[in-house]
Structure formats: C-alpha cells, structure tokens
S.K.: 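Supplied in structure tokens, the structure appears directly below.
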Amino acid sequence: QVLLVESGGGLVQAGVSLRLSCAGPGLTFSNYAMSWFRQAPGKEREFVAGISRSGDSTNYAASVKGRFTISRDNAKSSMLLQMNSLKPEDTAVYYCAASSGYCSGGGCIVASRMNYWGKGTLVTVSS
C-alpha cells in the first residue's frame with residue numbers, strides 16, 4: 001500500500017520557483033505531523049521544513065527559511081512545499097515524511113522519528 005507519494009520535481013535554473021506536492025492516500029493525514037527532508041548526492045538526509053497536524057505551526061531549516069513555504073490540506077490528504085529563489089545547493093532528492101509523534105514547533109526535524117516516507121522526487125537546480 002502506497003502511503004506517501006511526492007511529485008513536482010524537475011530540472012530548473014537558479015532563481016526560479018518550484019512547487020512539490022505530497023499525497024498521503026494511505027494515511028489518516030491529520031493524525032500526522034509532516035516534514036520535508038532532502039538528500040543531496042554524497043550527503044546525509046537533512047530536514048527542510050515541517051508542519052504540525054493542524055497546520056498552525058511550521059518550522060524550517062535555516063538554509064531555506066524565507067525562500068520555502070510548507071503547507072497542508074488535511075481534507076485532501078496533501079502537503080505542499082513552495083520553493084522560491086532556488087539555488088544550485090538546493091539540488092537533492094526531496095522526501096515527504098510523516099510522524100505519529102509529537103514534534104515541537106511544527107514537524108519533526110529528526111529523520112529517525114518519522115514513521116513513513118515517500119520514495120522522493122528529484123530537484124535539480126542548474127546555475
């Protein structure tokens with residue numbers, strides 16, 4: 001059963017915007033705090049942005065704060081990541097993840113606390 005599916009990745013030039021989507025057809029979406037992580041080639045997976053169950057709290061990695069915006073629609077079991085002013089260093093596979101635990105400030109920032117993962121979508125930003 002597919003629980004989380006990402007979409008929206010692609011090859012773009014630096015400075016443009018891209019929007020990633022995460023669908024959660026296999027989850028009771030509102031029961032989970034949600035996060036986006038990313039993994040660049042040769043690097044560890046890192047937290048990007050998170051959002052609480054209700055959507056009223058969000059948190060961001062310092063590297064994307066002010067450029068990326070996370071949102072969710074529990075009625076549609078979906079989550080978005082609006083990425084503006086993309087940089088080559090944003091190149092990575094982006095994963096959405098769900099946590100059944102409590103995460104202060106929005107979504108969980110530690111990958112080991114996530115219960116479910118999507119397979120990822122590749123974002124490549126050229127200079």
Side-chain angles (χ1 to χ4, degrees):
Q1 183 181 12
V2 176
L3 298 180
L4 293 171
V5 181
E6 303 93 340
S7 61
L11 171 62
V12 297
Q13 289 188 327
V16 304
S17 299
L18 200 62
R19 187 172 68 179
L20 303 184
S21 299
C22 173
L27 296 178
T28 303
F29 209 70
S30 59
N31 287 352
Y32 296 88
M34 300 296 296
S35 297
W36 287 97
F37 289 78
R38 67 186 182 187
Q39 187 165 17
K43 295 188 177 181
E44 293 189 354
R45 193 169 298 190
E46 64 175 1
F47 169 79
V48 175
I51 190 166
S52 62
R53 288 168 176 76
S54 64
D56 59 356
S57 296
T58 59
N59 47 351
Y60 297 91
S63 59
V64 306
K65 196 168 186 178
R67 299 189 297 123
F68 291 11
T69 303
I70 189 172
S71 61
R72 66 187 295 164
D73 185 339
N74 287 338
K76 296 181 179 179
S77 296
S78 65
M79 176 175 67
L80 298 176
L81 184 67
Q82 178 67 42
M83 306 186 294
N84 298 330
S85 303
L86 282 163
K87 304 175 181 180
E89 51 263 43
D90 294 319
T91 294
V93 177
Y94 284 71
Y95 300 90
C96 68
S99 173
S100 61
Y102 172 74
C103 304
S104 62
C108 294
I109 66 173
V110 179
S112 61
R113 295 198 61 189
M114 311 311 291
N115 299 102
Y116 303 106
W117 293 85
K119 292 186 176 182
T121 185
L122 176 63
V123 174
T124 304
V125 184
S126 63
S127 57

S.K.: Measure across Arg113 and Ser99 and return the closest heavy-atom pair with its distance rounded to 0.1 Å.
M.R.: O-OG, 3.2 Å
S.K.: Locate the shortest heavy-atom distance separating Ser35 from Cys108; write the atom from each residue and the value.
M.R.: OG-O, 2.8 Å
S.K.: What residues form a ring pair (Phe, Tyr, Trp, His ring centres under 6.0 Å) with Phe47, not counting sequence neighbours?
M.R.: Phe37
S.K.: Considering all heavy atoms of both residues, which atom of Ser17 and which atom of Leu86 are nearest to each other, and what is their separation?
M.R.: C-CD1, 4.2 Å
S.K.: State plainly whether one hydrophobic cluster holds both Leu122 and Tyr94, where clusters connect Ile, Leu, Val, Met, Phe, Trp and Tyr through side-chain heavy atoms under 4.5 angstrom apart.
M.R.: no
S.K.: Report the C-alpha separation of Arg67 and Asp90 in whole Å, then their side-chain angles, then the decisive distance to 0.1 Å, and conclude whether the side chain to side chain contact (heavy atoms under 4.5 Å, CB included) test is met.
M.R.: CA-CA 11 Å; Arg67 299 189 297 123; Asp90 294 319; 2.8 Å; yes
S.K.: Do Met114 and Val48 sit in the same hydrophobic cluster, where Ile, Leu, Val, Met, Phe, Trp and Tyr count as joined when their side-chain heavy atoms come under 4.5 Å apart?
M.R.: no
S.K.: Return the minimal non-hydrogen interatomic distance between Ile51 and Asn59, and the atom names on each side.
M.R.: N-OD1, 4.2 Å
S.K.: Side-chain contact, heavy-atom cut-off 4.5 Å: Thr121 with Ser7?
M.R.: no
S.K.: Side chain of Glu6, backbone of Gly120: donor and acceptor closer than 3.5 Å?
M.R.: yes
S.K.: Is there side-chain contact between Arg38 and Thr91, with at least one heavy-atom pair below 4.5 Å?
M.R.: no
S.K.: Does a donor on one side chain sit under 3.5 Å from an acceptor on the other, for Asp73 and Ser78?
M.R.: no
S.K.: For Gly106, is there any backbone N or O sitting under 3.5 Å from a side-chain donor or acceptor partner on Ser52?
M.R.: no
S.K.: What about Leu27 and Met79, same hydrophobic cluster or not, with Ile/Leu/Val/Met/Phe/Trp/Tyr joined at side-chain heavy-atom distances under 4.5 Å?
M.R.: yes
S.K.: Go through Met83 and Leu20 one step at a time and tell me if the side chain to side chain contact (heavy atoms under 4.5 Å, CB included) criterion holds.
M.R.: CA-CA 8 Å; Met83 306 186 294; Leu20 303 184; 3.7 Å; yes
S.K.: Applying side chain to side chain contact (heavy atoms under 4.5 Å, CB included) to Asn31 and Ser100, what does each step give before you reach the verdict?
M.R.: CA-CA 7 Å; Asn31 287 352; Ser100 61; over 6 Å; no
S.K.: Do Val93 and Trp117 share a hydrophobic cluster (ILVMFWY, side-chain heavy atoms under 4.5 Å, transitive)?
M.R.: yes
S.K.: Please answer: with hydrophobic residues joined when any side-chain heavy atoms are less than 4.5 Å apart, are Phe29 and Tyr95 in the same cluster?
M.R.: no
S.K.: If you compare all heavy atoms of Leu3 against all heavy atoms of Tyr116, which two are closest, and at what distance to 0.1 Å?
M.R.: CD1-CD2, 3.2 Å
S.K.: Between Ala49 and Leu81, what is the shortest heavy-atom contact and its length?
M.R.: CB-CD1, 4.1 Å
S.K.: If you define the side chain from C-beta out and look only at heavy atoms, does anything of Arg72 sit under 4.5 Å from Leu80?
M.R.: no
S.K.: Taking the six-membered ring of Tyr32 (Phe, Tyr or Trp), confirm whether the NZ or CZ of Arg53 is under 6.0 Å from its centre and within 45° of its axis.
M.R.: no
S.K.: Counting only heavy atoms from other residues, nucleotides and ligands, does the tally under 6.0 Å from CD1 of Ile109 exceed 12?
M.R.: no
S.K.: Would Ile70 and Met34 count as a side chain to side chain contact (heavy atoms under 4.5 Å, CB included) here? Give the steps.
M.R.: CA-CA 10 Å; Ile70 189 172; Met34 300 296 296; 5.6 Å; no
